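No experiment lies behind these values; they were computed from the predicted model shown. Proteins get letters first, then strands, A, B, ... in listed order; numbering begins at 1 in each.
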There are 2 protein chains.
Amino acid sequence: MMPSTPLPKNYQLIRDVVDECGLGCHLTPSEIYAKVRERQPGIGLTTIYRGLERLRELGFVSEIEVPGADAAAYEPAGPHHAHFRCSSCGRIEDVAFVIPANTLDALAREHGVEIKDQRVTFEGRCSRCTASG
Amino acid sequence: MMPSTPLPKNYQLIRDVVDECGLGCHLTPSEIYAKVRERQPGIGLTTIYRGLERLRELGFVSEIEVPGADAAAYEPAGPHHAHFRCSSCGRIEDVAFVIPANTLDALAREHGVEIKDQRVTFEGRCSRCTASG
DNA sequence: AATGGAAATGAAATCCATTTTCACTTAGGC
DNA sequence: GCCTAAGTGAAAATGGATTTCATTTCCATT
Ligand SMILES: [Mn+2]
Ligand SMILES: [Mn+2]
Ligand SMILES: [Zn+2]
Ligand SMILES: [Zn+2]
(Lines give C-alpha, C1' and ligand atoms only; values in the text may rest on other atoms or scores of the structure.)
(Ligands and ions follow the chains in the order given, each with its own letter.)
Protein backbone atom coordinates (compact mmCIF):
# COMPACT_ATOMS: atom_id res chain seq x y z
CA MET A 1 0.00 0.00 0.00
CA MET A 2 0.86 3.66 -0.37
CA PRO A 3 2.95 5.26 2.33
CA SER A 4 0.36 6.64 4.75
CA THR A 5 -0.09 10.38 5.17
CA PRO A 6 3.29 12.01 5.69
CA LEU A 7 3.94 13.54 9.11
CA PRO A 8 3.07 17.25 9.44
CA LYS A 9 6.25 19.28 9.32
CA ASN A 10 6.16 20.19 12.99
CA TYR A 11 5.60 16.64 14.08
CA GLN A 12 8.51 15.59 11.92
CA LEU A 13 10.69 18.16 13.67
CA ILE A 14 9.66 16.72 17.01
CA ARG A 15 10.49 13.26 15.79
CA ASP A 16 13.85 14.44 14.53
CA VAL A 17 14.75 15.95 17.87
CA VAL A 18 13.86 12.77 19.73
CA ASP A 19 15.67 10.61 17.21
CA GLU A 20 18.79 12.74 17.20
CA CYS A 21 18.94 12.43 20.94
CA GLY A 22 19.46 8.75 20.34
CA LEU A 23 18.84 5.52 22.18
CA GLY A 24 19.29 5.82 25.91
CA CYS A 25 18.45 9.52 25.80
CA HIS A 26 15.29 10.67 27.49
CA LEU A 27 13.76 14.08 26.92
CA THR A 28 10.84 15.79 28.62
CA PRO A 29 8.25 17.68 26.56
CA SER A 30 9.78 20.95 27.76
CA GLU A 31 13.26 19.91 26.70
CA ILE A 32 11.91 18.85 23.35
CA TYR A 33 10.07 22.15 23.11
CA ALA A 34 13.30 24.05 23.64
CA LYS A 35 15.14 22.06 21.00
CA VAL A 36 12.39 22.23 18.40
CA ARG A 37 12.10 25.93 19.04
CA GLU A 38 15.66 26.42 17.84
CA ARG A 39 14.47 25.35 14.39
CA GLN A 40 10.91 26.56 14.55
CA PRO A 41 10.78 29.48 16.92
CA GLY A 42 7.05 30.05 16.64
CA ILE A 43 5.96 26.57 17.71
CA GLY A 44 3.87 26.21 20.84
CA LEU A 45 4.22 23.76 23.69
CA THR A 46 0.73 22.51 22.92
CA THR A 47 1.91 21.28 19.57
CA ILE A 48 4.78 19.44 21.24
CA TYR A 49 2.34 17.55 23.45
CA ARG A 50 0.06 16.79 20.54
CA GLY A 51 2.91 15.75 18.33
CA LEU A 52 4.36 13.44 20.94
CA GLU A 53 1.01 11.76 21.40
CA ARG A 54 0.67 11.23 17.70
CA LEU A 55 4.22 9.95 17.31
CA ARG A 56 3.56 7.53 20.15
CA GLU A 57 0.40 6.27 18.45
CA LEU A 58 2.40 5.78 15.29
CA GLY A 59 5.06 3.89 17.20
CA PHE A 60 7.88 6.32 16.45
CA VAL A 61 8.58 7.32 20.04
CA SER A 62 8.03 5.77 23.44
CA GLU A 63 6.86 7.52 26.52
CA ILE A 64 8.32 6.54 29.84
CA GLU A 65 6.86 7.50 33.17
CA VAL A 66 9.46 7.08 35.84
CA PRO A 67 8.34 7.24 39.47
CA GLY A 68 10.02 10.17 41.15
CA ALA A 69 10.54 12.10 37.95
CA ASP A 70 8.56 15.32 37.69
CA ALA A 71 7.64 14.91 34.05
CA ALA A 72 7.20 12.18 31.47
CA ALA A 73 10.13 11.49 29.16
CA TYR A 74 10.32 10.43 25.56
CA GLU A 75 12.81 8.35 23.64
CA PRO A 76 13.01 7.00 20.10
CA ALA A 77 11.17 3.70 19.77
CA GLY A 78 13.44 0.71 20.13
CA PRO A 79 13.82 -2.59 21.87
CA HIS A 80 12.00 -2.90 25.17
CA HIS A 81 14.14 -2.22 28.21
CA ALA A 82 14.10 -1.14 31.83
CA HIS A 83 15.20 2.14 33.37
CA PHE A 84 17.36 3.20 36.22
CA ARG A 85 16.77 6.48 38.02
CA CYS A 86 19.37 7.96 40.29
CA SER A 87 17.54 9.23 43.35
CA SER A 88 20.39 11.61 43.97
CA CYS A 89 20.69 13.47 40.67
CA GLY A 90 17.60 12.35 38.79
CA ARG A 91 19.55 10.96 35.84
CA ILE A 92 17.73 8.24 33.93
CA GLU A 93 19.66 5.44 32.25
CA ASP A 94 18.67 2.47 30.16
CA VAL A 95 19.02 -0.95 31.71
CA ALA A 96 19.11 -4.05 29.55
CA PHE A 97 16.45 -6.08 31.26
CA VAL A 98 13.10 -7.54 30.35
CA ILE A 99 10.89 -9.99 32.16
CA PRO A 100 10.70 -12.99 29.82
CA ALA A 101 7.44 -13.76 28.08
CA ASN A 102 6.95 -17.13 29.72
CA THR A 103 7.22 -15.52 33.15
CA LEU A 104 4.62 -12.97 32.12
CA ASP A 105 2.38 -15.73 30.83
CA ALA A 106 2.62 -17.60 34.10
CA LEU A 107 1.84 -14.46 36.09
CA ALA A 108 -1.05 -13.56 33.84
CA ARG A 109 -2.56 -17.04 34.19
CA GLU A 110 -1.99 -17.06 37.92
CA HIS A 111 -3.73 -13.72 38.41
CA GLY A 112 -6.39 -14.16 35.78
CA VAL A 113 -5.38 -11.04 33.87
CA GLU A 114 -4.12 -10.23 30.43
CA ILE A 115 -0.68 -8.62 30.56
CA LYS A 116 0.17 -6.42 27.61
CA ASP A 117 3.10 -4.45 28.88
CA GLN A 118 5.72 -4.29 31.59
CA ARG A 119 7.36 -1.25 33.17
CA VAL A 120 10.47 -1.91 35.18
CA THR A 121 12.29 0.88 36.96
CA PHE A 122 15.23 0.60 39.28
CA GLU A 123 16.21 3.23 41.74
CA GLY A 124 19.52 3.92 43.42
CA ARG A 125 22.75 5.81 42.92
CA CYS A 126 24.40 6.29 39.59
CA SER A 127 28.13 5.81 39.18
CA ARG A 128 28.73 9.53 38.99
CA CYS A 129 26.97 10.20 42.28
CA THR A 130 28.61 7.24 43.96
CA ALA A 131 32.01 8.56 42.94
CA SER A 132 31.41 12.16 43.95
CA GLY A 133 29.13 11.80 46.96
CA MET B 1 14.71 1.45 74.27
CA MET B 2 11.62 3.49 74.92
CA PRO B 3 8.97 3.45 72.27
CA SER B 4 9.84 6.45 70.15
CA THR B 5 7.49 9.43 70.14
CA PRO B 6 3.94 8.18 69.65
CA LEU B 7 2.25 9.12 66.41
CA PRO B 8 0.15 12.30 66.50
CA LYS B 9 -3.50 11.35 66.72
CA ASN B 10 -4.29 12.45 63.16
CA TYR B 11 -1.39 10.55 61.71
CA GLN B 12 -2.52 7.48 63.62
CA LEU B 13 -5.97 7.84 62.07
CA ILE B 14 -4.39 7.97 58.64
CA ARG B 15 -2.40 4.88 59.44
CA ASP B 16 -5.52 3.10 60.66
CA VAL B 17 -7.38 3.85 57.46
CA VAL B 18 -4.55 2.54 55.32
CA ASP B 19 -4.11 -0.53 57.49
CA GLU B 20 -7.82 -1.33 57.58
CA CYS B 21 -7.87 -1.23 53.83
CA GLY B 22 -5.54 -4.22 53.99
CA LEU B 23 -2.89 -5.75 51.83
CA GLY B 24 -3.60 -5.47 48.15
CA CYS B 25 -5.68 -2.35 48.71
CA HIS B 26 -4.41 0.91 47.29
CA LEU B 27 -5.78 4.28 48.32
CA THR B 28 -5.09 7.73 46.96
CA PRO B 29 -4.59 10.68 49.31
CA SER B 30 -8.06 11.93 48.41
CA GLU B 31 -9.63 8.59 49.18
CA ILE B 32 -7.78 8.46 52.48
CA TYR B 33 -8.89 12.03 53.14
CA ALA B 34 -12.53 11.03 52.69
CA LYS B 35 -12.22 8.05 55.00
CA VAL B 36 -10.33 9.88 57.73
CA ARG B 37 -12.83 12.67 57.51
CA GLU B 38 -15.59 10.29 58.62
CA ARG B 39 -13.83 10.06 61.97
CA GLN B 40 -12.25 13.48 62.12
CA PRO B 41 -14.40 15.82 60.07
CA GLY B 42 -12.23 18.87 60.58
CA ILE B 43 -9.02 17.43 59.20
CA GLY B 44 -7.49 19.04 56.12
CA LEU B 45 -6.09 17.42 53.02
CA THR B 46 -2.75 19.02 53.80
CA THR B 47 -2.51 16.95 56.95
CA ILE B 48 -3.20 13.79 54.97
CA TYR B 49 -0.27 14.54 52.68
CA ARG B 50 1.99 15.37 55.60
CA GLY B 51 0.90 12.32 57.53
CA LEU B 52 1.46 10.00 54.62
CA GLU B 53 4.96 11.34 54.14
CA ARG B 54 5.73 10.81 57.80
CA LEU B 55 4.24 7.31 57.83
CA ARG B 56 6.30 6.47 54.80
CA GLU B 57 9.47 7.69 56.48
CA LEU B 58 8.61 5.55 59.47
CA GLY B 59 8.05 2.57 57.24
CA PHE B 60 4.38 2.09 58.12
CA VAL B 61 3.02 2.68 54.65
CA SER B 62 4.33 2.39 51.12
CA GLU B 63 3.73 4.76 48.31
CA ILE B 64 3.28 3.41 44.83
CA GLU B 65 3.42 5.48 41.70
CA VAL B 66 1.80 3.62 38.89
CA PRO B 67 2.27 4.94 35.36
CA GLY B 68 -1.06 5.93 33.93
CA ALA B 69 -2.68 6.53 37.29
CA ASP B 70 -3.60 10.13 38.00
CA ALA B 71 -2.51 10.06 41.63
CA ALA B 72 -0.11 8.22 43.90
CA ALA B 73 -1.52 5.38 45.97
CA TYR B 74 -0.70 4.11 49.42
CA GLU B 75 -0.83 0.70 50.97
CA PRO B 76 0.18 -0.74 54.33
CA ALA B 77 3.84 -1.69 54.39
CA GLY B 78 4.42 -5.32 53.59
CA PRO B 79 6.43 -7.67 51.45
CA HIS B 80 7.73 -6.22 48.23
CA HIS B 81 5.62 -6.97 45.20
CA ALA B 82 4.70 -5.80 41.73
CA HIS B 83 1.50 -4.19 40.53
CA PHE B 84 -0.88 -4.68 37.69
CA ARG B 85 -2.92 -1.82 36.32
CA CYS B 86 -5.91 -2.42 34.09
CA SER B 87 -5.71 0.12 31.31
CA SER B 88 -9.41 -0.21 30.78
CA CYS B 89 -10.81 0.46 34.25
CA GLY B 90 -7.78 1.70 36.17
CA ARG B 91 -7.98 -0.99 38.85
CA ILE B 92 -4.67 -1.77 40.52
CA GLU B 93 -3.90 -5.25 41.79
CA ASP B 94 -0.97 -6.81 43.57
CA VAL B 95 1.16 -9.23 41.62
CA ALA B 96 3.42 -11.66 43.41
CA PHE B 97 6.65 -10.96 41.60
CA VAL B 98 10.06 -9.66 42.52
CA ILE B 99 13.26 -9.55 40.57
CA PRO B 100 15.67 -11.74 42.54
CA ALA B 101 18.59 -10.11 44.35
CA ASN B 102 21.26 -11.87 42.36
CA THR B 103 19.75 -10.59 39.13
CA LEU B 104 19.76 -7.08 40.56
CA ASP B 105 23.37 -7.49 41.64
CA ALA B 106 24.38 -8.60 38.17
CA LEU B 107 22.57 -5.65 36.58
CA ALA B 108 24.05 -3.21 39.05
CA ARG B 109 27.58 -4.48 38.39
CA GLU B 110 27.02 -4.48 34.65
CA HIS B 111 25.78 -0.89 34.63
CA GLY B 112 28.08 0.43 37.34
CA VAL B 113 25.23 1.64 39.51
CA GLU B 114 23.94 0.90 42.96
CA ILE B 115 20.38 -0.45 42.86
CA LYS B 116 18.35 0.11 46.00
CA ASP B 117 14.85 -0.48 44.80
CA GLN B 118 12.77 -1.95 42.01
CA ARG B 119 9.38 -0.90 40.72
CA VAL B 120 7.60 -3.34 38.49
CA THR B 121 4.26 -2.54 36.96
CA PHE B 122 2.30 -4.57 34.46
CA GLU B 123 -0.38 -3.21 32.26
CA GLY B 124 -3.24 -4.92 30.53
CA ARG B 125 -6.83 -6.00 31.08
CA CYS B 126 -8.15 -7.26 34.37
CA SER B 127 -10.39 -10.31 34.54
CA ARG B 128 -13.47 -8.22 35.11
CA CYS B 129 -12.88 -6.11 32.01
CA THR B 130 -11.97 -9.12 29.91
CA ALA B 131 -15.24 -10.78 30.90
CA SER B 132 -17.46 -7.76 30.35
CA GLY B 133 -15.76 -5.98 27.49
C1' DA C 1 -7.52 29.07 -9.75
C1' DA C 2 -11.54 28.36 -6.58
C1' DT C 3 -13.73 25.77 -2.97
C1' DG C 4 -14.69 23.20 1.10
C1' DG C 5 -13.77 20.17 4.75
C1' DA C 6 -10.39 18.12 7.69
C1' DA C 7 -6.32 18.66 10.19
C1' DA C 8 -3.05 21.47 12.53
C1' DT C 9 -1.84 25.42 15.31
C1' DG C 10 -0.96 28.49 19.34
C1' DA C 11 -2.61 31.53 22.98
C1' DA C 12 -5.11 31.36 26.73
C1' DA C 13 -7.83 29.19 29.98
C1' DT C 14 -8.44 25.29 32.70
C1' DC C 15 -7.54 21.22 35.34
C1' DC C 16 -5.76 18.89 39.18
C1' DA C 17 -2.42 16.60 42.20
C1' DT C 18 0.78 18.23 45.17
C1' DT C 19 3.50 21.71 47.75
C1' DT C 20 4.22 25.91 50.09
C1' DT C 21 3.05 29.71 53.02
C1' DC C 22 1.48 31.56 57.08
C1' DA C 23 -0.92 32.51 61.09
C1' DC C 24 -2.60 29.91 64.70
C1' DT C 25 -3.11 26.00 68.04
C1' DT C 26 -1.44 22.08 70.61
C1' DA C 27 1.63 19.13 73.32
C1' DG C 28 5.02 18.24 76.46
C1' DG C 29 9.53 18.92 78.92
C1' DC C 30 11.01 22.12 82.21
C1' DG D 1 2.66 28.37 84.02
C1' DC D 2 6.42 28.92 80.12
C1' DC D 3 8.64 28.01 76.22
C1' DT D 4 9.70 25.84 72.14
C1' DA D 5 8.94 22.51 68.68
C1' DA D 6 5.55 20.24 66.29
C1' DG D 7 1.18 20.03 64.25
C1' DT D 8 -2.72 22.16 61.74
C1' DG D 9 -5.78 23.95 58.04
C1' DA D 10 -7.15 27.60 54.82
C1' DA D 11 -5.57 29.63 51.11
C1' DA D 12 -2.37 30.48 47.64
C1' DA D 13 1.07 28.87 44.67
C1' DT D 14 3.16 25.53 41.60
C1' DG D 15 3.69 23.08 37.52
C1' DG D 16 2.81 19.46 34.20
C1' DA D 17 -0.69 18.32 31.21
C1' DT D 18 -5.15 19.05 28.80
C1' DT D 19 -8.93 21.63 26.81
C1' DT D 20 -11.00 25.33 24.33
C1' DC D 21 -11.50 28.09 20.55
C1' DA D 22 -10.69 31.05 16.86
C1' DT D 23 -7.56 31.01 13.10
C1' DT D 24 -4.60 29.04 9.63
C1' DT D 25 -2.78 25.49 6.69
C1' DC D 26 -3.24 21.61 3.86
C1' DC D 27 -5.06 19.07 0.01
C1' DA D 28 -8.28 16.64 -2.66
C1' DT D 29 -11.79 17.82 -5.68
C1' DT D 30 -14.01 21.00 -8.98
MN1 LIG E 1 15.13 4.26 27.65
MN1 LIG F 1 0.31 -3.33 46.44
ZN1 LIG G 1 23.29 10.39 40.13
ZN1 LIG H 1 -10.34 -3.60 34.33
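From Ile48(B), atom CD1 reaches atom CD1 of Ile43(B) across 4.0 Å, with rounding to the nearest 0.5 Å. From Leu27(B), atom CG reaches atom NZ of Lys35(B) across 6.5 Å, with rounding to the nearest 0.5 Å.
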Legend entry - Summary of protein contacts for nucleotides 18-30 of chain C, nucleotide by nucleotide, where a base hit scores B, a sugar-phosphate-only hit scores S (4.0 Å, heavy atoms): SBBB---------
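In this structure, Leu55(A) places its CG atom 11 Å from P of dA8(C), rounding to the nearest Å. Distance CD (Gln40(A)) to C1' (dT9(C)): 11 Å, rounded to an integer number of Å. Regarding Glu57(A), its CD atom lies at a distance of 14 Å from the C1' atom of dA7(C), rounded to whole Å. Rounded to an integer number of Å, the gap from Gln12(A) CD to dT9(C) P is 12 Å. Across the protein-nucleic acid pair, Glu31(A) atom CD and dG16(D) atom P stand 11 Å apart, rounded to whole Å. Taking atom CZ of Arg54(A) as the reference point, atom C1' of dT9(C) lies 13 Å away to the nearest angstrom. One interatomic measurement links the two molecules: CZ of Arg37(B) to P of dT8(D), which rounds to 14 Å at whole-angstrom precision. Rounded to a whole Å, the CG atom of Leu7(A) is 16 Å from the C1' atom of dT25(D).
For the residue pair Arg37(A) / Tyr33(A), a side-chain donor-acceptor distance below 3.5 Å is found, with atom types taken as modelled.
For Asn10(B) and dG7(D), the shortest distance from a side-chain N or O to OP1 or OP2 is not below 4.0 Å. Taking 4.0 angstrom as the limit, Tyr11(B) places a side-chain polar atom (N or O) nearer than this to OP1 or OP2 of dT8(D).
Scanning for side-chain hydrogen bond (donor to acceptor under 3.5 Å, both in side chains) contacts around Gln40(A) gives Lys9(A), with sequence neighbours left out.
Closest of all the heavy-atom pairs between His83(B) and Val95(B) is C-CG2, 4.1 Å. Considering all non-hydrogen atoms of both residues, Pro76(B) and Cys25(B) come closest at CD-O, 4.3 Å.
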